[in-house]
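To keep things clear, I will list the structure first and then write my remarks on it.
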Amino acid sequence: MKKRGRGIGLSFYGTGYGNGFPDASKAKVKLLKDGKVGIYVGGTEVGQGAKTVLSQIGSETLKLPLDKIIFISEDTSLMPDSGTAAASRQTYNTGNAIKIACENFKNRLREAAREQLKLNAIHGLTVEKGEIYLEFFPQKRISFKELSKIYGDDNIEAEGEFIAQTIEMDPETGQGAPYWPYTFNACGVELEVDTITGLVEIERAVFAQDVGRAINPHLVEGQMDGGFAMALGYVLFEDLKLEKGKIYNNKFSKYLIPTAMDMIQIENIIVEEPEYTAPFGAKGIGEPVMIPVGPAILNAIYDAIGVRITELPVTPERLIKAIEEDGKKKEEI
Amino acid sequence: MNLDIVGRNILRIDALSKVTGKALYPEDIFMDNMVYGKTLRSKVPHAYIRIDTGKAEKIDGVIKVLTHKDVPNNEHGVIFKDHEVFCSEKVRRIGDPIAFVVAKNKKICELALKEILIEYEEIEEVFCPIKAMKEDSPKVHGDTNIVYHYKIRKGDVEEGFKNSYAIAENIYRTHMVDHAFLQPEAGISFIDEEGRVTVMVATQYPHYDREEIASALELSEEKVRIINTNIGGAFGGREDISLQIHLALAAKVLNRPIKAIYSREESFIAHAKRHSMIMKYKTGADRDGKLLAMEAEIVGDTGAYASWATNVLRKSGVHATGPYFIPNVKVDSIAVYTNNPFAGAMRGFGATQVPIAHEQQMDILAEKLGIDPIAIRMKNIFKQGSITATGQVLTDSVPLDRCIEKVAEKIDFSLEREEAY
Amino acid sequence: MVEIKLKVNGKSYILEIEEDMRLLDLLREKLGLLGVKEGCSEGECGACTVIMDGKVVNSCLVMAFQAEGSSITTIEGLEKEGEIHPIQQAFIEVGAVQCGYCTPGMILSAKALLDKNPNPTEEEIREGISGNLCRCTGYNKIIQAVEKGKGV
Amino acid sequence: MQAYRGKTIEEVIQLLAKYKGKVIAGGTDLIIDLRNGKLTSDTLIDISSIEELRRVEEYDETINIGAATTFTQIIENPLFQENLYGLKRACNTVGSPQIRNKGTIGGNIANGSPAADSIPPLLCLDSIIVLESIKGKREIGLEDYYKDNISIKEDELIISVQFKKPDKGQILSFAKLGLRKALAISRLSIATLLELDENNKVKTIKIASGSLGRYPMREPIVEEFLLGRELTVDVTDKAVKVLQQVMGERLGGRSTLPYKRIAVERIFKEALGDGLKRLKGVEIW
């Protein structure tokens, strides 16, 4: 028989290393010779879109078009330490570091502009679109390009550091504030279980993810789709066949991850509620997007067949066995 | 807030290089005078070893066989320095690195690997984390296999269960899985024009790699340089050291470029896995579905090395309640060594496993109480101002209710619907 | 060593190759076409996909000597006069790229599909790229990119 | 290693006689085996460009599929869109587009895998394998090849697989259970060739299974059970029980048996149901 079921899963996720461990990101911003701005951070592009998102944060803070920004994150001899590209922390932590560095950099630019424009002070100087000008007397203006000609490469620069605020937990009671910020989500799925083959087919999925603010909605959706697929593999397909410490399924013909035909369109909903400590309110979502999917699938399987599966992965074989055992148990009663 | 670029679908700045195939990953880098390296790995899960590289070294085209004897400081690890760069006396898992052959080409490397003689004196292994916790179990490191024990003690769970109308009790088991990023580990090392030991690699954290290499080679960090290439996916699987120190050491010893590329099969045994967990849960709610108490015992198998085990099991423990306010909570989250593949970071980092338990617990309670899965959740979820099980106040940006509403708008979970179990 | 003649990205080559070389090795190591990626070496992941005489193949499962007389297109062959192919453009625009490792093979599968069937359904697109594994995107943005690349 | 690219069958069998090399066509299994060291060979003889071996020929009574014909060629051939659709369907479930573009029907046979998707339909058609060596031609029944473990000699080349064209009223069907929807090795598969008489009773039935034993095979006991009966729900359920009994005896003690015994019901009914649907336009399950 083919039986349909629906399930929901929720999760929350605390960003960062946590537990009072110094979770620092550093960024460096420099005026380059052609008036472009270099942003140097150790935040790695693993495919998640860090380069793009972090550039957007820099661009927004500097009010400078993206094509005027050079983003360098590859070489330890050039860039400061921005922590690991993990714990969903790059957007929040390194994003904040870039924002701080860019604000500091703007002040360095204002200082330089004050000197060149022979002004008394820096206040009232707006930095925008590659220029610094006095808001109430716009004739007083100077471009990044002109400044870079005067000061040369490497002379106007600023740094920024962001350290997340977390508190170590008590070793006996576990009380403390281990992570910040927290991210929330909910995923609902509808699926069909074939009670003869044990195959589970996902028919529909609705996924709502809190992001604080989406820096780049397409990239958020890409993470949500990818997280869903990874969770689908986790719960239904992937099995290392670990026996006595040996991985028997050590290749892609045996370790099955979802193909395009196993995935479906996901109805992704981005929920925004800016987080006050975050850069433009944006929280990290790289990990959270995988978390609620598995339990939603498991709850939907129960809804379909009335059998709780408490062990992963839910391979067809395990599912059939669970149905059989459940049948026997019910007979005994 | 007036935003120009934040919130816009800016095209990825690395997309053009990737769609044209011009994006370079470590295996795409070729250098003059370059030679190849390949790792010899343990075939057994727990044994004392004796290594004889003599025969391999004599093979024509073999340039060097590196072992623990060549490493100034033979240890590394993200938290505990429990990994050896090359195993010196003991292997603790299948796949532990023992030697690194450098040869003129890949074929000679393969040939030489077969000629390195490893004498294994096998010792009793332990694969079950529950068994590993016992005093009389074989020890993977030192005199206990318990790496970490995180506790939450909040309120009085016994009292909470006493007052509960419905209680759900279950044991949930999750398995080890692999990141299965598409690009297997690869790297190339050389001495740069300023004399720095340089490794081009696909890594999640270049500064950490630099620190570990500097420490293992006993160099100052300024003498080590990491260049991150494009990275073919990571998901946590590129946090621990894999081939970075091997390559750096080879470049330092040989003063020429060395390249190493893992096959898919080697990739599977080289990097960490997601922790498998055994999660014993007991959750109680009152007649209205308000959660009163939760008790969870979580045992995570970190395999042969700790990697991030402390942080992963801590994250499991902190997230064990799920996004719900529960007045009485008792959590024990324990990381254990075994002779399995080592576990470390993977997307969700301990917070991915616990919802497999707590979300099914919620549905079980809902069914017992005859209320629908949305209703029971809405009664208990974190809202602005809620206090977590660790006593943290969620002061800002807690739109979980909105997330649930959005999902429930599109999918009907009510008990009245047809087909509801 | 054997000598083979083949056409790659429109250019004719006569090459001396080793007998045990795969097409993948030939393209990467002899011709420097590094957009051909090796992800599994067993024809499962499709990262090494190239178009051979109009059809997609896993270049890890073709011996180089078997390519004698064939015409091969790799990702490097899609650019015409400095302009990228509309499918490549579509991948950029909809955000179908993440880590990028599956991307060249994926684009070639998409191209071969659209060359044969200019107006595929979603199901046909999923099938068309089913030999290309992607771990990052969950495929949906890729499907969207292929939809966008239809009929251009 | 030596490598030869055969241009004619004659040339290949001469090379085989001389070197006892390994024949490579699609290479989708062979190259993996070479890499894993499961197979070693000093000589590879490629047959993938021999036109004679890469085509499907229709004669008055028979169809002849050249050994180096790819799965894609079969899928796209109009001959397999009607009553021989089951073969197309089987070929369409092989691997992925890339694998189907290279993998060949002869390779599927030579490989001898119990999970080879194209074999059960060919077994239902009572196919014959044609082999050639410098000593001449030889024909063996596909069923015997597996059942009697007849080996293809080192100097022999599989030329083609042949079968009698079934009557228009005979429908070839195929169903497979894979763990995912693409790139899936078959956990089990069933092919059926079905014909009904004017009273809706089973006039012809041939059933073959994949992965229900050490090799793909016909299921004569189930065939016998169904012959002459009407395919009611009850009869089909009983046929499933017969098949379960048969496979139980065959796979006794194997850890995969309990699951396969249950799951086979879906796949068996899917194959048979497909035949019935295409014959009568009705769905009964």
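Naming: A, B, ... by sequence-line order, numbering from 1 per chain. Only this structure's heavy atoms are used, side chains among them; waters, hydrogens and symmetry mates stay out.
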Quick check for you: to the nearest 0.5 Å, what is the distance between [X] atom [atom1] and [Y] atom [atom2]?
| X | Y | atom1 | atom2 | result |
| --- | --- | --- | --- | --- |
| A/Met263 | C/Arg126 | CE | CZ | 6.5 Å |
| A/Met224 | C/Thr137 | CE | OG1 | 14.5 Å |
| C/Cys99 | A/Glu45 | SG | CD | 9.5 Å |

Within the structure provided, determine whether C/Ile143 and A/Gln265 are in side-chain contact (heavy-atom separation under 4.5 Å). yes

I need the minimum non-hydrogen distance between [X] and [Y], along with the two atoms involved.
| X | Y | answer |
| --- | --- | --- |
| C/Leu133 | A/Thr259 | CD2-CG2, 4.0 Å |
| C/Arg135 | A/Pro258 | NH1-CD, 4.2 Å |
| C/Gln98 | A/Gly47 | CB-O, 3.1 Å |
| A/Ala229 | C/Gly138 | CB-CA, 3.7 Å |
| A/Met261 | C/Glu123 | CE-OE2, 4.3 Å |

A/Asp262 backbone acceptor or donor facing C/Tyr139 side chain under 3.5 Å: no

A/Phe252 portion near chain C, given a 4.5 angstrom heavy-atom threshold: both

What part of A/Ile264 lies closer than 4.5 angstrom to a heavy atom of chain C: side chain, backbone, both or neither? backbone

Less than 4.5 Å to any heavy atom of chain A: does that hold for the side chain of C/Glu124, its backbone, both, or neither? neither

Mark yes when over 12 heavy atoms from residues, nucleotides or ligands other than C/Lys7 sit less than 6.0 Å from its NZ; otherwise mark no. no

Is the shortest side-chain N to carboxylate O distance from A/Lys251 to C/Glu44 below 4.0 Å? no

